[in-house]
Number of protein chains: 2
Amino acid sequence: MKQFTKQIKKGLLELVILKLLNDEDLYGYSLIQKVKEKSNNSLDIKDGTLYPILYRLEDSNMIESYWEQIDTTRSKPRKYYKITDNGKTGLNDMLDEYLEISKGINLILNSEVNNNDL
Amino acid sequence: MKQFTKQIKKGLLELVILKLLNDEDLYGYSLIQKVKEKSNNSLDIKDGTLYPILYRLEDSNMIESYWEQIDTTRSKPRKYYKITDNGKTGLNDMLDEYLEISKGINLILNSEVNNNDL
DNA sequence: ATAACTTACTTTGTATTACAAGGTATATTA
DNA sequence: TAATATACCTTGTAATACAAAGTAAGTTAT
C-alpha cells in the first residue's frame, strides 16, 4: 500500500471505529467489512491493524468486549465490542479535534494560487 | 499537544507544505507562519517538525533549496525552498489520495445512527 | 548598552501507529 | 476434498510529529 495512504490514516482509524461502535455493537471481522462498506470502499483496514486498535481502545476504557454466540449454526462465539460512556465522550472530543484540523487543512488545500509578488 | 491531534497530522503536513510551495518559494520559518495563517490558526507546525520534512522532500527530489539574501538590511541569507516538476506530480498524486480517503472517512463520520435491529 | 525577545536553522531521541507477515482454527463452497 | 472465507491473534518494522536541546543573528524595550 502507498506510504502516504498509510500516513493519512494515522489516528483516524481509531475515530472511525469508535464512530461505528457508537451506532451498534460489532465484532472485529465485521468491523473491517463495515468500514469498507460504509466508506464506499475507500477505507480498507487490515486485521493486523484493527485488533491492536481494539485492544488499545479497551485498555483506555473507551470500549468493552464480550463473547457472544448469536448465530446458533456456528459452534464458535464471536467477540463483540461495545462503546462505553467514556468512549462516547472521547468520540465527541475526537470529532471536534478532527473537524478543526480538517478545516484548517482544507483551507490550505482548496486555496487557489495567490502570489502577491506577481 | 493532544496525542490525537499529532496523529491526525501524520503525513498531511507534507501535503500541506508541498501545496504552499506550489504557490510560491518560501523559507522554513516563513512556512511555519504561512501554515498557521492560511489554516486560520488550526495548524501549528513546530520547527522541529518542519525542517525534517523539508529535508525529506528535498531528498526525494520534490523540492530544492537555495540560499538567498532578499532583504538587504539583513546580513544573513535565508534558505528558500522551491517545488520541482517532480514535486508537482507528487502533489497531485497526494491530493488525489487525500481526497479519496477523506471522502471515505467523512462518509462514516457524517452518517447518522442507522441501527436496523431497533 | 544590555537584557529579553524574535527570527532562523539544526539535531537527537521518543512515542505512536498502520501494516506486512506470520500463525491458529473453524466454516463454507466448489 | 481442496480451496476459500471467516475469525482471531502476535511480532517486528517503517514512518513521522514533537519535545527538547542547541547555535547565532536581528530587534525592541528599559
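A note on names: the letters A, B, ... follow the listed sequences, proteins ahead of strands, and every chain is numbered from 1.
- Taking every side-chain heavy atom of B/Lys76 into account, D/dA24 is the closest of D/dT10, D/dA24, D/dT16.
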Donor-acceptor pairs under 3.5 Å, side chain of residues 47-60 of chain B to any protein atom, not counting sequence neighbours: which ones?
from, atom 1, to, atom 2, distance (Å)
B/Arg56, NH1, B/Glu14, OE1, 2.6
B/Glu58, OE2, B/Ser65, N, 3.3
B/Glu58, OE2, B/Ser65, OG, 2.6
B/Ser60, OG, B/Arg56, O, 3.1
B/Ser60, OG, B/Leu57, O, 3.3

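- The shortest distance between the side-chain N/O atoms of A/Tyr27 and the OP1/OP2 oxygens of D/dC8 is not below 4.0 Å.
- Phosphate contact (OP1/OP2 of D/dC9, side-chain N/O of A/Tyr51, threshold under 4.0 Å): absent.
- With contacts defined as side-chain heavy-atom distances shorter than 4.5 Å, the pair B/Asp23/A/Ser111 qualifies.
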Atom pairs, N/O to N/O, protein against nucleotides 1-4 of chain D, distance under 3.5 Å?
none

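- Applying the 4.0 Å criterion to OP1 and OP2 of C/dT7, one finds that B/Arg74 has every side-chain N and O outside that range.
- Residues A/Ile70 and A/Tyr27 fall within the same hydrophobic cluster, defined by Ile, Leu, Val, Met, Phe, Trp and Tyr side chains chained together at heavy-atom separations under 4.5 Å.
- One interatomic measurement links the two molecules: NZ of B/Lys2 to C1' of D/dA17, which rounds to 17 Å at whole-angstrom precision.
- What separates CG of A/Leu12 from P of C/dT17 is a distance of 11 Å, to the nearest Å.
- Between the P atom of D/dA17 and the CD1 atom of B/Ile32 lies a distance of 13 Å, rounded to the nearest Å.
- Straight-line distance from the CD atom of A/Glu68 to the C1' atom of D/dC8: 17 Å, rounded to whole Å.
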Side chains of residues 97-109 of chain B: which donor-acceptor partners sit under 3.5 Å, not counting sequence neighbours?
from, atom 1, to, atom 2, distance (Å)
B/Glu97, OE1, A/Thr5, N, 3.2
B/Glu97, OE1, A/Thr5, OG1, 2.2
B/Tyr98, OH, A/Asn106, OD1, 3.2
B/Glu100, OE2, A/Ser42, OG, 3.0
B/Asn106, OD1, A/Tyr98, OH, 3.2
B/Asn106, ND2, B/Ser102, O, 3.1

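- Side-chain atoms of A/Asp47 lie closest to D/dC8 of the nucleotides D/dC18, D/dC8, C/dC9.
- Counting to the nearest Å, the C1' atom of C/dA21 and the CG atom of A/Leu50 are 17 Å from each other.
- If you check C/dT17, D/dT16, D/dT6 against the side chain of A/Arg56, the one that comes closest is C/dT17.
- Using a 4.0 Å heavy-atom cutoff across all strands shown, A/Lys10 reaches at least one base atom of the nucleic acid.
- The separation between B/Lys46 atom NZ and C/dT10 atom P is 19 Å, rounded to whole Å.
- Taking 4.5 Å as the limit, some side-chain heavy atom of A/Leu15 sits within range of a side-chain heavy atom of B/Phe4.
- One interatomic measurement links the two molecules: CZ of A/Arg78 to P of C/dT26, which rounds to 15 Å at whole-angstrom precision.
- Listed candidates were D/dA17, D/dA7, C/dA8. Nearest to the side chain of A/Tyr29 is D/dA7.
- Other residues, nucleotides and ligands contribute at most 12 non-hydrogen atoms within 6.0 Å of the NZ atom of B/Lys36.
- Contacts of B/Gly48 with the nucleic acid, taken as non-hydrogen atoms under 4.0 Å apart, include base atoms.
- The separation between B/Leu18 atom CG and D/dT16 atom P is 12 Å, rounded to whole Å.
- Between A/Asp25 and A/Ile83 the shortest side-chain heavy-atom distance does not fall below 4.5 Å.
- For A/Tyr55, whose side chain is taken as the heavy atoms from C-beta onward, the closest listed nucleotide among C/dC19, C/dC9, D/dC9 is D/dC9.
- The 5' end of DNA chain D is approached more closely, in terms of each residue's nearest nucleotide, by A/Lys79 than by the other of A/Lys79 and B/Thr5.
- Here the nucleotide nearest the side chain of A/Lys9, chosen from D/dC8, C/dA18, C/dT6, is C/dA18.
- Between B/Glu24 and B/Lys34 there is a salt bridge, since at least one side-chain N of the basic residue sits less than 4.0 Å from a carboxylate O of the acidic one.
- At the phosphate of D/dA19, neither OP1 nor OP2 sits under 4.0 Å from any side-chain N or O atom of B/Lys6.
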